[in-house]
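Have a look at the structure below, then the notes.
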Amino acid sequence: MGTPTGRAVVAAATLGSGMALLDGTVVNVALRTIGEELDASLAQLQWITNGYLLSLASLILLGGSLGDRFGRRRVFVVGTVWFAAASVLCGLAPDPEVLILARVLQGIGGALLTPGSLAMIQGAFVQEDRAPAIGAWSGLGSIAAAIGPFVGGALIDYASWRWIFLINAPLAVVTVLIAVRAVPETRDPRASSHFDVPGAALAALALGATTYALIEASWLAAGLGVVAGFGFVVVESRTREPMLALGVFRDRTFSASNVMTLLVYGALGAISFFVTLQLQTVTGYGALAAGAAFVPMTVLMLCFAAAGGRLGQRIGPRIPMTVGPLIMAGGVLLLLRIDDQRDYLLDVLPGVTVFGVGLVLMVAPLTATVLAAAPDEHAGIASGVNNAVARAGSLLAVAALPVAVGLSGEEYADPRSFDAAFGTAMVACAVLLAVGGAVSWLSIRNSVLDGGPEPH
């Protein structure tokens, strides 16, 4: 952790993943403005969010396996450059359709750089320093989430929403320079040279069709998604060199951690989507104020995420991964107080702060557990699986919850309609978080971070 190489690995990984995180936080803040300027419907706003998540979740496994095969730093650099180029296209989009296409391309870049950021840490650090390094990565990555609402909100309110994408170009330049000059290359010497095109295509089709079915209420698309998902499992189980080696799921801790990730990050994606729009549509906040509302949470992550990683290393991940989501659920229920009254200290701050405490406890132990449960040579694919599951959770939640709570068409801009739907959505998110905590308590073993034996 204290060496120049160690600092360079954490810095490059943080800047790369932080660039993607910044877009995740700022795009939600910009949705209402984008909808007004480009005359976009609620479904188009969902696709502006989900187009990125769809390609990211569909291809992130391929990105992880490419990193294992060709070098995690190399694929990380390619993904960073791709992400920046797609971001420029997002910033220049003349209508919702082009913006959605650009967001899909942006997700492809994210699928290359995101698993590489964690896999570089896993491959470069000795075992006893991995959890603290991941904690530092989580905390430093929160700088993007903390700065993003201020910079992005100011750009949206005082310049143009387009600059929230264009700003990625200089960040990408710095990231690439650090990675090329100082980060050691790591790879899996036994990784396959075979490209699992059928597996990648079926994964994309399964997620795409399911997302379309949830947003557009199409039973035909739902059936296609189920068939494609089943086909993906069959292909991966029979292919000689699959994109996803299904054997990694024989490890109970790895499987349980990913189930918990699906639930918790599904809730996280929906919370960010709904709370940001609630603050703007119902409470009347501008983009800057709505984004800044989350700053206490990101400050907690910045200050204490590394400590959360050390805590998980010391006492084991089971308790942090159980208690963290339960505390987050309590914070979500406190957010039910958000209404048309602009009392930030009473209505917003308590929920955001409690939620942040739970997030601090959970994030680093969860990530360290997922990576520790897989063999070191599969660090890229393990990171890819967990990132794909996290993005798929957010993707499905943002697609399903608006319809489930009765929102459609232009109702997202109507304060009365949106306020009524908001309460139901927050309760649903609290339930998802509580179930995620229960999964951790029942399934996670504490010995995973010290290399203890695993029951199958």
Side-chain angles (χ1 to χ4, degrees), residues 46-47 49-66 68 104 107-108 110-111 114-115 191-192 194-267 269-270 370 373-374 378 380-401 403-404 432 435-436 439 443 456:
Q46 287 175 277
W47 279 113
T49 297
N50 285 341
Y52 172 77
L53 293 173
L54 175 60
S55 56
L56 178 63
S58 301
L59 300 175
I60 204 167
L61 293 177
L62 184 60
S65 62
L66 288 174
D68 287 342
V104 171
I108 296 174
T114 302
S192 170
H194 169 73
F195 295 104
D196 184 13
V197 176
L202 285 169
L205 180 60
L207 281 172
T210 303
T211 303
Y212 185 88
L214 292 171
I215 293 176
E216 306 292 346
S218 169
W219 287 105
L220 178 61
L224 180 60
V226 171
V227 171
F230 179 77
F232 173 78
V233 173
V234 171
V235 167
E236 297 306 280
S237 64
R238 296 183 178 180
T239 300
R240 184 170 58 88
E241 296 178 330
M243 177 179 70
L244 172 58
L246 298 178
V248 297
F249 290 100
R250 295 193 187 103
D251 184 293
R252 188 184 71 187
T253 297
F254 183 82
S255 296
S257 298
N258 280 290
V259 171
M260 185 261 205
T261 298
L262 181 72
L263 295 167
V264 169
Y265 278 84
V370 168
H378 294 317
I381 198 64
S383 173
V385 167
N386 193 242
N387 275 284
V389 169
R391 271 56 184 193
S394 294
L395 170 71
L396 297 176
V398 172
L401 264 185
V403 176
L432 288 175
V435 174
V439 168
S443 306
H456 295 285

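In this chain, numbering begins with 1 at the start of the sequence shown. Side-chain atoms are counted along with the backbone in the values below, which use heavy atoms only and exclude waters and symmetry mates.
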Residues at least two apart in sequence or cross-chain that pass side chain to side chain contact (heavy atoms under 4.5 Å, CB included) with Ala209, listed by chain then number, are Leu224
Residues Val235 and Leu202: closest non-hydrogen pair is CG2-CD1, 3.6 Å
Residues at least two apart in sequence or cross-chain that pass side chain to side chain contact (heavy atoms under 4.5 Å, CB included) with Leu432, listed by chain then number, are Leu263, Ala267
Hits for side chain to side chain contact (heavy atoms under 4.5 Å, CB included) against Val234, two or more places apart or cross-chain, chain-then-number order -> Phe230, Arg238
Nearest heavy-atom contact between Ser255 and Phe249 is OG-O, 2.6 Å
Those residues at least two apart in sequence (or on a different chain) that pass side chain to side chain contact (heavy atoms under 4.5 Å, CB included) with Ile108 are Ser55, Leu59, Trp82, Leu105
Here the pair of heavy atoms bringing Ala221 nearest to Tyr212 is CB-CD2, 3.7 Å
- Message: Do Val370 and Phe254 make a side-chain contact, defined as non-hydrogen atoms from C-beta onward lying under 4.5 Å apart?
- Response: yes
What one should report as the nearest heavy-atom pair of Gln46 and Val398 is NE2-O, 3.0 Å
Rounding to 0.5 Å, atoms OG (Ser394) and OH (Tyr265) come to a distance of 8.5 Å
In this structure, CG of Leu401 is separated from CG of Leu396 (nearest 0.5 Å) by 10.5 Å
Nearest heavy-atom approach of Ala270 to Ala397 is CB-CB, 4.1 Å
Hits for side chain to side chain donor-acceptor pair (under 3.5 Å) against Thr261, two or more places apart or cross-chain, chain-then-number order -> Asn386
For Leu56 and Ala111 the tightest heavy-atom approach is CD1-N, 3.2 Å
